[in-house]
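What's counted below: heavy atoms across the whole structure, side chains too, no hydrogens, waters or symmetry copies. What you are looking at is a predicted structure, and each value in this text was computed from that prediction instead of being measured.
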Amino acid sequence: MDLKVNDYTTDDGITVINVEGEIDVYTAPKLREKLIDLVNKGKFHLLVDMEKVEFLDSTGLGVLVGGLKRVRAHDGSLELVCTQERILKIFRITGLTKVFGIHDSLEDAQEKRKGQK
């Protein structure tokens, strides 16, 4: 399974990264490169849309945590959109639900962000 990764920036300055496919040891470098590229371009508020992710392994988790560390070094944020129980279970088991903001939809994430300002 291939991994599709593309991004766009919303009107309020959040860069949304749409991820589709499997994030595993073979495909995770593609996501890592995208996160590094965005941070290098000065994009420090990232929202990863994982609604079309079918599989996530420890390598994928590592890439997301690495991305979070990168944006936090610039007072940024990396949050997730995910409603799939099998993916959410991985975040719960690893305790990463306490580290990442996990939202039900892009709209939900944007509303919470507006509420924090």
* Judged by atom type as modelled, is there a donor-acceptor pair below 3.5 Å linking the side chain of K4 to the main-chain atoms of V19? -> no

* With side chains defined as the heavy atoms from C-beta onward, is the minimum distance between T10 and Y8 less than 4.5 Å? -> yes

* To do: Answer yes or no: is there a donor N or O on one side and an acceptor on the other, between the side chain of E79 and the main chain of F100, under 3.5 Å?
  => no

Would you mind writing out the side-chain donor-acceptor pairs for residues 62-77 within the sub-3.5 Å range, not counting sequence neighbours?
residue, atom, partner, partner atom, Å
R72, NH2, V99, O, 3.4
S77, OG, H45, ND1, 3.0

* **Side chain E51, main chain T83, donor-acceptor under 3.5 Å** => yes

* **Validation row: K43, I14 side chains within 4.5 angstrom (heavy atoms)** => no

* Asked: Just wondering, do L61 and F91 contact through their side chains at under 4.5 Å, heavy atoms?
  -> yes

* To do: Taking the side chain as every heavy atom from C-beta outward, state whether N18 and D7 have any atom pair closer than 4.5 Å.
  => no

* Asked: How long is the span from the CG atom in L38 to the CD atom in E33, to the nearest 0.5 Å?
  -> 12.0 Å

* Asked: Does the side chain of I17 come within less than 4.5 Å of L47's, by heavy atoms?
  -> no

* To do: Would you check if the side chain of D108 reaches a backbone N or O of D104 as a donor-acceptor pair within less than 3.5 Å?
  => yes

* Can you tell me if D2 uses its side chain to pair, donor with acceptor, with the backbone of G21 under 3.5 Å? -> no

* Asked: Within the side chain of E22, is there an N or O that forms a donor-acceptor pair under 3.5 Å with the backbone of T27?
  -> no

